[in-house]
Amino acid sequence: MSLEKIIFEKNNDLSKIIDKKKVPEHVAIIMDGNGRWATKKGLPRSYGHNKGVNVLKEIIKASKKLGCRVLTVYAFSTENWSRPKKEVDFLLDLFSKVLKREIEEIHQELIKIKFIGDLTPLTENLKEIICSSESLTKHNKNFLLNICVNYGGRQEIVKVAKELALKSSLGEIKPSEVNEELFNSELLTQGSKDPELLIRTSGEKRISNFLLWQLAYSEIYISDVLWPDFNEFEFLKAIIDYQSRNRRFGGIESLPNESFEDSRYSS
Ligand code: IPE
Ligand code: IPE
Ligand code: MG
């Protein structure tokens with residue numbers, strides 16, 4: 001039976017066909033489609049966001065169970081401030097409520113939680129909950145959950161450039177010392193390897209200002225499923241698809257009968 005057929009036989013336990021030695025260490029997800037999911041059902045967009053939280057819980061469990069070490073999810077972008085104030089307020093309030101409600105369980109599961117993005121414009125209440133959640137879980141080593149809030153990839157790159165320029169003006173580094181390693185060390189994701197896999201739900205084929213530096217060589221998987229309908233099965237499908245990719249990083253894979261030069265075709 002072809003892999004496709006196995007995958008689409010919904011009763012199959014996909015975890016059995018996953019190569020445990022090729023599980024991505026870091027998965028990044030653009031959780032998209034909450035609003036459309038709710039609208040399709042004749043419900044307000046807020047229902048989609050609420051349902052999306054349950055899906056995130058399922059995916060955290062699934063990725064941890066599979067052996068991933070880092071999950072980075074896009075929860076609110078620097079561009080999302082342009083939404084109606086009611087929706088923005090609802091989302092920020094949802095983050096506080098969910099974090100308060102779930103942090104004990106997150107800690108018991110030995111998950112370290114980190115918020116990535118410019119947190120300065122958030123309410124004092126949300127900033128406090130974020131700060132206490134990060135400090136409660138900071139020694140957990142099993143699994144890292146990065147939640148990107150008021151995050152923008154370009155803004156992150158500008159922030160790194162500013163920090164390096166400042167260090168240089170203070171004489172702490174020489175401009176000639178700026179390299180990828182130094183740049184990496186100032187990123188908000190510093191300490192984690194780049195995501196091997198990026199998943200975006202809802203069928204949109206864009207990056208929307210997410211992890212622009214870190215996704216340079218990530219494999220991209222687009223799922224047509226809207227985030228509130230995404231689940232462990234769909235996540236495992238993404239992993240299986242990832243495992244079938246040939247990651248060349250600019251090199252070539254040697255194929256049988258492949259040659260580089262042949263006098264018959266010389267110019
Ligand atoms: C993703 O779902 C959640 C956030 C961006 C906060 P959307 O709210 O973007 O849902 P759609 O894309 O409008 O359906
Ligand atoms: C990306 O989704 C941001 C998050 C999932 C938080 P958007 O719905 O904001 O992205 P666009 O507008 O489709 O590019
Ligand atoms: Mg969207």
Side-chain angles (χ1 to χ4, degrees), residues 26-60 62-63 70-99 101-102 113-123 126-127 129-130 144-159 187-189 195 197-215 218-231 234-235 238:
H26 185 174
V27 177
I29 308 184
I30 302 177
M31 309 180 288
D32 196 17
N34 293 352
R36 275 164 285 167
W37 178 88
T39 306
K40 265 190 180 172
K41 293 185 155 12
L43 296 167
R45 291 175 60 88
S46 56
Y47 275 68
H49 297 314
N50 279 329
K51 176 75 173 31
V53 172
N54 300 336
V55 175
L56 176 58
K57 283 178 69 179
E58 179 173 340
I59 299 308
I60 296 168
S63 53
V70 185
L71 183 68
T72 301
V73 294
Y74 209 5
F76 191 91
S77 74
T78 42
E79 289 69 34
N80 287 147
W81 295 104
S82 67
R83 294 187 179 201
K85 185 172 180 317
K86 261 194 160 173
E87 179 160 352
V88 170
D89 289 348
F90 176 88
L91 282 166
L92 298 179
D93 189 49
L94 184 67
F95 300 154
S96 308
K97 280 190 190 141
V98 171
L99 199 52
R101 192 180 70 210
E102 304 292 337
I113 195 166
K114 243 180 92 183
F115 283 79
I116 287 190
D118 176 10
L119 306 182
T120 34
L122 306 183
T123 62
L126 179 53
K127 277 193 273 197
I129 301 169
I130 287 178
L144 173 63
L145 172 65
N146 290 319
I147 312 233
C148 299
V149 173
N150 191 24
Y151 174 86
R154 285 190 172 178
Q155 290 82 346
E156 182 184 27
I157 290 171
V158 168
K159 180 196 95 68
L187 287 170
L188 299 166
T189 50
L197 172 64
L198 167 71
I199 299 172
R200 181 166 188 153
T201 59
S202 88
E204 303 295 354
K205 297 175 185 68
R206 53 178 170 265
I207 290 182
S208 301
N209 204 13
F210 191 40
L211 302 175
L212 297 182
W213 173 280
Q214 297 87 335
L215 294 175
S218 307
E219 295 299 323
I220 299 176
Y221 179 86
I222 308 284
S223 167
D224 286 331
V225 176
L226 302 172
W227 180 251
D229 282 332
F230 201 73
N231 53 25
E234 296 297 331
F235 178 74

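Basis for what follows: all heavy atoms, side chains included, without hydrogens, waters or symmetry-related copies. First listed ligand is number 1; within each ligand, the first listed atom is number 1. None of the values given here were measured: they were computed from a predicted structure.
With a 4.0 Å cut-off on non-hydrogen atoms, Leu226 does not touch ligand 1 at all. If you look at Phe76 next to ligand 2, the close heavy atoms, those under 4.0 Å, all belong to the backbone.
Using 4.0 Å as the threshold, Gly33 has a heavy atom nearer than that to some atom of ligand 1. Within the 4.0 Å heavy-atom cutoff, Arg200 counts among the residues contacting ligand 2.
Numbered from 1 in the order shown, with element, the atoms of ligand 1 that lie under 4.0 Å from a heavy atom of Ala75 read 6 (C). The contact set between ligand 1 and Arg45, taken as ligand atoms under 4.0 Å from a residue heavy atom, comprises 7 (P), 8 (O), 10 (O), 13 (O). Every atom of ligand 2 is numbered from 1 in the order shown, and the set under 4.0 Å from a heavy atom of Ile30 is 1 (C), 5 (C). Interface atoms of ligand 1 facing Leu91, defined by a heavy-atom separation under 4.0 Å, are 6 (C). Interface of Arg36 with ligand 1, defined as ligand atoms under 4.0 Å from a residue heavy atom, comprises 11 (P), 12 (O), 14 (O).
Nearest approach of Leu126 to Leu92, heavy atoms of both residues: CD2-O, 3.9 Å. When all heavy atoms of Ser63 and Leu71 are compared, the pair lying nearest together is OG-CD2, 3.8 Å. Between Ala38 and Pro44, the closest heavy-atom pair is CB-O, 3.2 Å. Nearest heavy atom pair, residue Leu188 against residue Gly117, reads CD1-N, 3.8 Å. Taking all atoms of both residues into account, the shortest heavy-atom contact from Tyr151 to Leu212 is OH-N, 4.4 Å. Annotation for Gly33 and Leu226: closest pair O-CB, 3.8 Å, computed over non-hydrogen atoms.
Glu79 and Asn209 share a donor-acceptor pair across their side chains, judged by distance under 3.5 Å alone.
Protein heavy atom at the shortest distance from atom 14 (O) of ligand 2 is Ser208 OG, 2.6 Å. Looking only at protein heavy atoms, the nearest one to atom 10 (O) of ligand 1 is Gly35 N, 2.9 Å. In terms of protein heavy-atom proximity, atom 9 (O) of ligand 2 is nearest to Asn80 ND2, 2.9 Å.
Looking at Met31, Arg206, Glu79, Arg83 and measuring to atom 7 (P) of ligand 2, the nearest heavy atom belongs to Arg83.
Distances from the Mg ion (ligand 3) to the N/O/S atoms of Asp32 are shortest for OD1.
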Notebook entry, point to check: Taking it one step at a time, do Val53 and Lys97 satisfy side chain to side chain contact (heavy atoms under 4.5 Å, CB included)?
Noted result: CA-CA 11 Å; Val53 172; Lys97 280 190 190 141; over 6 Å; no
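For the pair Asn80 (side chain) and Ser77 (backbone), a donor-acceptor distance under 3.5 Å is present.
At under 3.5 Å, not a single nitrogen or oxygen of Ser77, backbone or side chain, sits near a nitrogen or oxygen of ligand 2.
Residue Tyr47 qualifies as open at atom OH: its count of foreign heavy atoms under 6.0 Å is 12 or below.
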